[in-house]
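Index from 1, following the sequence. These values consider heavy atoms only, across backbone and side chains, with no hydrogens, waters or symmetry-generated copies. Just so it is clear, the structure is predicted and the values come from calculations on it, not from any experiment.
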Amino acid sequence: MDTNYKGTDHMDLIRENTSEEINRRIDRYIEDNIRYYATQAEDIITGRINMLEKEWDVQKLVQTIDSGIGLGSILLGVLGSKKWWFVTTLAAASSGVHAVKGWSPCSIALRRMGFRTRQEIDREKYALKALRGDFNDLTKHEPDKVDERIKAAISATKTL
């Protein structure tokens with residue numbers, strides 16, 4: 001299977017600024033999940049889809065961490081030394097660079113830990129929806145040919 005996913009309709013700056021090794025590892029994780037859930041009952045697949053809809057992506061995590069650091073350092077600056085406000089400046093700068101360039105020290109660390117972009121999470125979610133039968137044109141494959149169903153689901157999600 002092709003593990004070099006390239007989105008066509010969007011620009012995923014976080015993924016572009018992640019090493020190929022980490023992207024391949026995340027792609028393998030997605031495909032392994034799809035293979036596993038392809039053999040599960042519909043209610044198990046639905047449970048996984050529900051989990052994916054609640055999963056925090058890298059962007060949301062970076063924003064939360066940067067704002068937490070910023071607010072915490074403001075509080076430390078008010079209660080203690082104003083030198084802490086330098087940390088507030090760093091958090092704001094990190095957030096700005098991440099928004100514009102798609103990377104920050106925080107996002108790099110999170111990607112190494114395996115956190116995914118929204119597009120990667122959606123890729124797994126829509127492949128599972130396809131396997132569950134949500135997309136009628138993919139259900140033409142015989143149910144006992146799991147490999148065909150997996151390939152069709154992964155192929156269908158590469159254009160999202």
Side-chain angles (χ1 to χ4, degrees), residues 1-40 44-77 84-132 134-135 137-138 147 149-160:
M1 277 186 226
D2 178 15
T3 58
N4 294 319
Y5 170 74
K6 299 272 189 220
T8 56
D9 294 331
H10 64 275
M11 193 162 75
D12 188 343
L13 291 174
I14 296 170
R15 189 171 170 86
E16 287 179 13
N17 286 291
T18 301
S19 75
E20 285 300 314
E21 175 188 340
I22 292 170
N23 283 337
R24 279 192 301 272
R25 187 178 71 201
I26 290 170
D27 289 343
R28 271 192 309 275
Y29 172 76
I30 292 167
E31 292 179 12
D32 287 347
N33 283 345
I34 294 166
R35 281 187 192 89
Y36 172 77
Y37 285 99
T39 63
Q40 302 302 308
I44 303 294
I45 294 172
T46 299
R48 176 64 180 163
I49 291 168
N50 291 337
M51 286 175 58
L52 291 169
E53 288 175 348
K54 295 175 186 171
E55 184 175 331
W56 280 32
D57 61 86
V58 172
Q59 183 77 17
K60 188 173 186 176
L61 285 164
V62 167
Q63 291 171 341
T64 302
I65 291 167
D66 284 346
S67 67
I69 290 171
L71 290 172
S73 61
I74 287 171
L75 180 64
L76 288 170
W84 281 104
W85 291 345
F86 179 71
V87 176
T88 306
T89 305
L90 291 177
S94 173
S95 186
V97 169
H98 178 75
V100 173
K101 296 290 187 183
W103 69 269
S104 68
C106 186
S107 66
I108 292 169
L110 289 169
R111 291 292 282 171
R112 285 187 179 152
M113 289 188 280
F115 288 95
R116 304 185 286 176
T117 66
R118 176 51 43 199
Q119 290 85 359
E120 291 164 340
I121 295 166
D122 286 347
R123 195 172 143 225
E124 179 180 343
K125 181 174 78 174
Y126 285 104
L128 294 178
K129 284 183 173 200
L131 289 170
R132 188 174 62 181
D134 292 10
F135 309 112
D137 58 334
L138 292 179
D147 285 340
R149 293 176 62 219
I150 292 168
K151 286 178 186 176
I154 291 171
S155 177
T157 61
K158 288 191 178 181
T159 60
L160 293 177

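In this structure, Ile22 CD1 and Asn17 CG are separated by 11.5 Å, a value rounded to the nearest 0.5 Å. With rounding to the nearest 0.5 Å, the separation of CD in Glu20 from CZ in Arg25 is 13.0 Å. Atom CD1 in Ile108 sits 11.0 Å away from atom CD1 in Ile14 (nearest 0.5 Å). With rounding to the nearest 0.5 Å, the separation of CZ in Arg118 from CG in Leu52 is 8.5 Å. We find the CG-CD distance between Asn23 and Glu120 to be 6.0 Å, quoted to the nearest 0.5 Å. Within the model, atoms CD of Glu31 and CD1 of Ile26 stand 12.5 Å from one another, a figure rounded to the nearest 0.5 Å.
Taking each heavy atom of Tyr37 and Leu128 in turn, the nearest pair found is CB-CD2, 3.5 Å. Shown here for Arg15 and Thr117, the closest heavy-atom pair between the two residues is N-CG2, 4.3 Å. Nearest approach of Ser104 to Ser94, heavy atoms of both residues: CB-OG, 3.5 Å. Looking at every heavy atom in both residues, Ile69 comes nearest to Ala91 through CG2-CB, 3.9 Å.
With sequence neighbours excluded, no residue satisfies salt bridge (charged side-chain N to carboxylate O under 4.0 Å, His left out) with Asp66. Residues satisfying the side-chain contact (heavy atoms from CB on, under 4.5 Å) criterion with Leu76, sequence neighbours excluded, are Trp84. Remark: Arg48 pairs with Glu124 by the salt bridge (charged side-chain N to carboxylate O under 4.0 Å, His left out) rule, at least two apart or across chains.
The shortest side-chain heavy-atom distance between Arg116 and Arg123 does not fall under the 4.5 Å cut-off. Proximity of Leu90 to Phe86: side-chain heavy atoms (C-beta onward) are separated by under 4.5 Å at one or more points. With a 4.5 Å cut-off on side-chain heavy atoms, Leu110 and Ile65 count as touching.
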(request) Test side-chain hydrogen bond (donor to acceptor under 3.5 Å, both in side chains) on Thr18 and Arg111 and set out the steps. (result) CA-CA 7 Å; Thr18 301; Arg111 291 292 282 171; 3.0 Å; yes

(message) As a quick check of understanding, evaluate salt bridge (Lys or Arg N to Asp or Glu O under 4.0 Å) for Asp27 and Arg24, giving each step before the final call.
(response) CA-CA 5 Å; Asp27 289 343; Arg24 279 192 301 272; over 6 Å; no

(request) Determine, stepwise, if the pair Trp103 / Leu13 fulfils side-chain contact (heavy atoms from CB on, under 4.5 Å). (result) CA-CA 7 Å; Trp103 69 269; Leu13 291 174; over 6 Å; no

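For the pair Lys60 and Asp57, the salt-bridge criterion is not met [side-chain N within less than 4.0 Å of a carboxylate O]. Under 4.0 Å is where a charged nitrogen must lie from a carboxylate oxygen, and between Arg112 and Glu21 no such pair does.
Using a 3.5 Å distance cut-off with no hydrogens or angles, the side chains of Gln59 and His98 do pair a donor with an acceptor.
Crowding of Glu53 atom CD: a count of heavy atoms from other residues, nucleotides or ligands under 6.0 Å exceeding 12.
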